[in-house]
Amino acid sequence: MPVTIREVAKAADVSITTVSRALNGYSDVSEETRRRIMRVAEELNYRPNAVARSLVTNRTRTIGFLVSELSKGRTGHYYLFPILYGMQDRLAELGYDLILVSTTTTRQREITYLDFCTERRVDGVVAMGLRLDDPYLHEIVESPLPSVVIDVPLLSDRCGYVMTDNVYGAKLAVRHLLGRGHKTIGFVNGHSQAAVSMDRRRGYEEAMVSAGFRADQLPVFESDFTLEGGKQASEILLEKHPELTAIFYASDLMAIGGLRFLHEKGRNAPKDLAVVGFDDVELSEVVTPALSTIRQKRYEIGVTAAEMLVEMMDEDGFPQGRMLAPELIVRASS
């Protein structure tokens, strides 16, 4: 079985990124370190990928859109496609092609981020759907390849990010419900390895504490951003806290799952329980009742990510972290 770059890095006691940069001739690797890496690589009979090695400095005018866990069973496409459209439209105007590539947490342990991207002959990457425990999340920060991450606040010399101000968005949702007279407001969050989950919980808690509630007594349940997850979370949360008159969900799909649960139990929103989601996916307008939600400007996220990446590649632009303002959309469910 061929020796991997990870094995070389471990044997040389350096990072994977340092090995990649040494093998590709970057000047920021000391001569002593370079010699050690080359010696270890020779001893292990390591053969670097020729495509990856040659394409680090060549241009193809192709951008990779790297999406984690993209598969038939996933429901994230409701959120993804407007971002993809925004990227595609802006990159076409700027003279770039866009290719969609997918990875998984398991796959990330088998091939490094830099090798994965350079094998696909891309000049830069926009990454989306990465979990906080994904290997690529840490490799992107150190990679020499220009990258922009969506929904995770990563910032380094070659990496920027674009995301919605999730803390403020959550506060908008809670303040809306408080303004409608609700005193017992529950929160169904997404999984803990999503950066947006941390921000949306923070916004919910800060808004509730500002209204006089204790942070350690707030009714919160962690779910998984899916319809079924929202349905199950609603049942559990309402069993534990039957006094709730409103629930804020960290995604529209979970909120729609909550509406489905209410319907099956013969209850209605907003009469029996006010419901607010987050994202404003297309389904939120067509469910009954229509879903109140926090709108993310998803097309603009795609446009912004594309522009930032091209600025980094073509104009030596400095990576930035850009927060886009969300918007409260009030519909029948609240």
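Keep in mind that the numbers below use all heavy atoms, side chains included, and drop hydrogens, waters and symmetry copies.
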(Q) If only side-chain N and O atoms count, and only distance matters, is there a donor-acceptor pair under 3.5 Å linking Tyr136 with Ser68? (A) no
Q. When rounded to the nearest 0.5 angstrom, what distance separates CZ in Phe221 from CD in Gln232?
A. 8.0 Å
Q.
Can you tell me if Glu243 has over 12 outside heavy atoms packed within less than 6.0 Å of its CD?
A. yes
Q) Tyr204 vs Phe187 aromatic rings, parallel, tilted or perpendicular, using cut-offs 30° and 60°? A) parallel
Q) Considering residues, nucleotides and ligands other than Glu32, do more than 12 of their heavy atoms fall under 6.0 Å from its CD? A) no
Q. Is it the case that Ser234 and Tyr249 place a side-chain donor and acceptor less than 3.5 Å from each other?
A. yes
Q.
For a side chain to side chain donor-acceptor pair (under 3.5 Å) check, start with the C-alpha distance between Glu222 and Asn189, then their side-chain angles and the critical distance, and finish with the verdict.
A. CA-CA 5 Å; Glu222 190 172 277; Asn189 202 9; 5.1 Å; no
Only distances under 3.5 Å count here; give the side-chain donor-acceptor pairs of residues 168-177 to other protein atoms, sequence neighbours excluded, each with its distance to 0.1 Å.
residue: Lys171; atom: NZ; partner: Glu206; partner atom: OE1; Å: 2.8
residue: His176; atom: NE2; partner: Ser334; partner atom: OG; Å: 2.7

Q) Of all residues at least two apart in sequence or in a different chain, which pass the side chain to side chain donor-acceptor pair (under 3.5 Å) check with Arg6? A) Glu139
Q) Any salt bridge between Arg34 and Glu31, counting N to O under 4.0 Å? A) yes
Q: Just jot down the side chain to side chain contact (heavy atoms under 4.5 Å, CB included) partners of Leu94, sequence neighbours excluded, or say none.
A: Arg90, Tyr96, Val310
Q.
Taking CZ in Arg322 as the centre, count heavy atoms belonging to other residues, nucleotides or ligands within less than 6.0 Å. Is the count above 12?
A. yes
Q) With a distance cut-off below 6.0 Å to the six-membered ring centre and an angular limit of 45° from the axis, does Arg107 pair with Phe116 as a cation-pi contact? A) no
